[in-house]
Protein chains: 2
Amino acid sequence: MTLTQLRVFVAVARHEHMTRAAESLHLAQSAASAAITALEAEHGVQLFDRVGRCIRLSAVGHAFLPDACAVLEGADRASAKLRGVDRKTRLDARETC
Amino acid sequence: MTLTQLRVFVAVARHEHMTRAAESLHLAQSAASAAITALEAEHGVQLFDRVGRCIRLSAVGHAFLPDACAVLEGADRASAKLRGVDRKTRLDARETC
DNA sequence: CGGGCTTACGGTGTGCGTAAATATC
DNA sequence: GATATTTACGCACACCGTAAGCCCG
């Protein structure tokens with residue numbers, strides 16, 4: 001499982017539309033489809049119900065969405081903090097090894 | 001930033017020893033070193049102070065460690081939940097699209 | 001037919017391991 | 001000289017985009 005796969009999953013879940021989700025991530029549809037397929041295969045789970053042209057969250061996918069969002073938010077927050085804390089503690093690097 | 005890089009970071013931070021950290025992750029030292037370098041370069045930050053053969057967390061790295069752990073725990077928890085919830089809701093897949 | 005997801009396919013990039021170089025004790 | 005990290009290098013795998021295939025309105 002990668003952060004990229006989670007991002008794709010959340011985007012598709014929100015848009016309920018693979019093409020739009022892919023566009024919102026500046027990705028080709030095939031890449032988004034592959035990411036979802038890989039995520040599903042890795043866990044042996046079906047995240048979406050493909051009924052006709054309609055692609056909607058399955059029960060499992062619905063249960064997973066909040067967790068995926070939480071992980072992504074945590075990662076983004078950590079990344080931002082890492083950049084932000086940079087300048088603050090840059091001159092504080094006195095170490096006693 | 002990838003989950004793999006975070007895993008390497010946490011392992012090195014815990015072991016304070018690149019070789020042991022790499023072994024604990026079943027990786028070559030070079031791979032671990034590259035992961036840390038990439039993580040540092042991506043954020044323009046120095047996570048570790050390399051003084052002699054001693055490699056220890058810098059101030060920035062110390063501040064980042066809890067966040068990295070939180071992200072990893074969240075990801076692992078989400079992954080485990082996804083596997084665990086599988087059997088429970090597998091037969092509940094009746095959808096009305 | 002038309003829109004939408006999937007599969008096939010080729011290219012590029014990234015990550016990994018082996019091995020050599022560098023540095024410290 | 002031994003131990004530990006970094007750098008160099010080559011390879012394999014994975015990701016992405018283009019394009020064709022398939023299915024449902």
Side-chain angles (χ1 to χ4, degrees), chain A residues 1-58 60-62 65 68 72 75 79 93 95-97, chain B residues 1-58 60-61 68 71-72 75 79 93-97:
Chain A
M1 185 176 72
T2 67
L3 293 174
T4 299
Q5 289 170 354
L6 293 182
R7 268 183 253 275
V8 174
F9 167 70
V10 171
V12 175
R14 292 227 167 109
H15 288 79
E16 289 188 343
H17 197 292
M18 183 84 70
T19 303
R20 307 289 173 81
E23 283 175 359
S24 74
L25 297 170
H26 307 289
L27 248 62
Q29 294 95 338
S30 66
S33 179
I36 297 297
T37 300
L39 193 57
E40 289 178 328
E42 181 182 346
H43 297 81
V45 173
Q46 189 172 355
L47 274 341
F48 293 95
D49 288 324
R50 284 87 154 174
V51 44
R53 65 204 304 166
C54 187
I55 180 170
R56 302 185 61 176
L57 277 172
S58 69
V60 176
H62 195 73
L65 182 55
L72 288 178
S79 183
E95 268 289 81
T96 59
C97 181
Chain B
M1 184 176 72
T2 67
L3 292 174
T4 299
Q5 288 170 354
L6 293 183
R7 267 183 254 274
V8 174
F9 168 71
V10 171
V12 175
R14 292 229 166 107
H15 288 80
E16 289 188 342
H17 197 290
M18 184 83 72
T19 304
R20 306 289 172 81
E23 283 175 357
S24 75
L25 297 170
H26 308 290
L27 246 61
Q29 294 95 339
S30 66
S33 180
I36 298 296
T37 300
L39 193 58
E40 289 178 328
E42 181 182 347
H43 297 81
V45 173
Q46 190 172 354
L47 275 342
F48 292 95
D49 288 323
R50 285 87 154 175
V51 43
R53 63 206 305 168
C54 187
I55 181 170
R56 302 185 62 176
L57 278 172
S58 69
V60 176
V71 172
L72 288 177
S79 185
R94 48 178 177 271
E95 269 289 84
T96 60
C97 182

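In what follows, chains carry the letters A, B, and so on, assigned in the order in which the sequence lines appear, proteins first and then strands, with residues in each chain numbered from 1. Remember, predicted model here, so these are calculated numbers, not experimental data.
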*Asks:* Would you check, one step at a time, whether the test side-chain contact (heavy atoms from CB on, under 4.5 Å) holds for B:Leu3 with A:Thr2?
*Replies:* CA-CA 7 Å; B:Leu3 292 174; A:Thr2 67; 5.7 Å; no

*Asks:* Any sub-3.5 Å donor-acceptor pair from B:Thr37's side-chain atoms to B:Ser33's backbone N or O?
*Replies:*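 Yes.
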
*Asks:* At what angle, to 10 degrees, do the two end axes of the helix from C:dC1-D:dG25 to C:dC25-D:dG1 meet, given five pairs define each axis?
*Replies:*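 Axis-to-axis angle, ends of the helix: 30°.
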
*Asks:* Looking at residues at least two apart in the chain, or sitting in another chain, which of them share a side-chain contact (heavy atoms from CB on, under 4.5 Å) with A:Ala31?
*Replies:*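 Partners of A:Ala31 by the side-chain contact (heavy atoms from CB on, under 4.5 Å) criterion, ordered by chain and then number, come out as A:Leu27.
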
*Asks:* Starting at atom CG of B:Leu6, determine the distance to atom P of C:dG15, rounded to an integer number of angstrom.
*Replies:*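 From B:Leu6 CG to C:dG15 P: 13 Å.
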
*Asks:* Residues two or more places apart in sequence or in another chain: which of them pass side-chain contact (heavy atoms from CB on, under 4.5 Å) with B:Ala68?
*Replies:*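 With neighbours one apart ignored, the set is B:Leu6, B:Phe9, B:Val10, B:Phe64.
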
*Asks:* Partners of A:Glu16 by salt bridge (charged side-chain N to carboxylate O under 4.0 Å, His left out), sequence neighbours excluded?
*Replies:*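 By the salt bridge (charged side-chain N to carboxylate O under 4.0 Å, His left out) rule, A:Glu16 matches A:Arg56.
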
*Asks:* Under 3.5 Å, which N/O atoms of the protein pair with N/O atoms of nucleotides 12-14 of chain C?
*Replies:*
none

*Asks:* Taking all atoms of both residues into account, what is the closest heavy-atom pair of A:Met1 and B:Ala75, and its distance?
*Replies:*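 That closest heavy-atom pairing would be CE-O, 3.4 Å.
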
*Asks:* Run the salt bridge (charged side-chain N to carboxylate O under 4.0 Å, His left out) test against B:Arg14 and tell me which residues pass, sequence neighbours left out.
*Replies:*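 Salt bridge (charged side-chain N to carboxylate O under 4.0 Å, His left out) check on B:Arg14 returns nothing, list empty.
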
*Asks:* What pairs of residues pass the salt bridge (charged side-chain N to carboxylate O under 4.0 Å, His left out) test when at least one of them lies in residues 29-46 of chain B, not counting sequence neighbours?
*Replies:*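 Those involving residues 29-46 of chain B are B:Glu40-B:Arg50.
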
*Asks:* If you take any heavy atom closer than 4.0 Å to DNA chain D, which residues from residues 10-24 of chain B end up in contact?
*Replies:*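 Heavy-atom contacts with DNA chain D come from B:His17, B:Met18, B:Thr19.
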
*Asks:* Could you check how far CD of A:Glu40 sits from P of C:dC5, rounded to whole Å?
*Replies:*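 The distance from CD of A:Glu40 to P of C:dC5 comes to 14 Å, rounded to the nearest Å.
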
*Asks:* Tell me, please, which residues at least two apart from B:Ala34 pass side-chain contact (heavy atoms from CB on, under 4.5 Å).
*Replies:*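 Checked B:Ala34 against side-chain contact (heavy atoms from CB on, under 4.5 Å); zero matches.
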
*Asks:* In the 5'-to-3' direction, what one-character label does each nucleotide of nucleotides 9-25 of chain D receive under the scheme B = base within less than 4.0 Å of a protein heavy atom, S = sugar-phosphate only, - = no such atom?
*Replies:* --------BB-----SS

*Asks:* List the atom of A:Ala13, the atom of A:Leu65, and the distance in Å for their closest heavy-atom pair.
*Replies:*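 Minimum heavy-atom contact is CB-CD1, 4.0 Å.
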
*Asks:* Quick one: B:Leu39 CG to C:dG15 P, roughly how many Å, whole number?
*Replies:*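 In whole Å, C:dG15 P and B:Leu39 CG are 11 Å from each other.
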
*Asks:* Could you tell me which residues satisfy side-chain contact (heavy atoms from CB on, under 4.5 Å) with B:Ser30, sequence neighbours excluded, listed by chain and number?
*Replies:*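 By the side-chain contact (heavy atoms from CB on, under 4.5 Å) rule, B:Ser30 matches B:Ala28.
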
*Asks:* According to salt bridge (charged side-chain N to carboxylate O under 4.0 Å, His left out), who are the partners of B:Glu23, at least two apart in sequence or on a separate chain?
*Replies:*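 If we apply the salt bridge (charged side-chain N to carboxylate O under 4.0 Å, His left out) test to B:Glu23, skipping adjacent residues, there are no hits.
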
*Asks:* Between A:Ser33 and C:dC5, does any side-chain N or O lie under 4.0 Å from OP1 or OP2?
*Replies:*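 Negative; the distance criterion is not met.
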
*Asks:* Among A:Arg7, A:His17, A:His15, whose side-chain contact (heavy atoms from CB on, under 4.5 Å) with A:Ser24 holds?
*Replies:*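 With A:Ser24 as partner, A:Arg7, A:His17, A:His15 yield a single side-chain contact (heavy atoms from CB on, under 4.5 Å), made by A:His15.
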
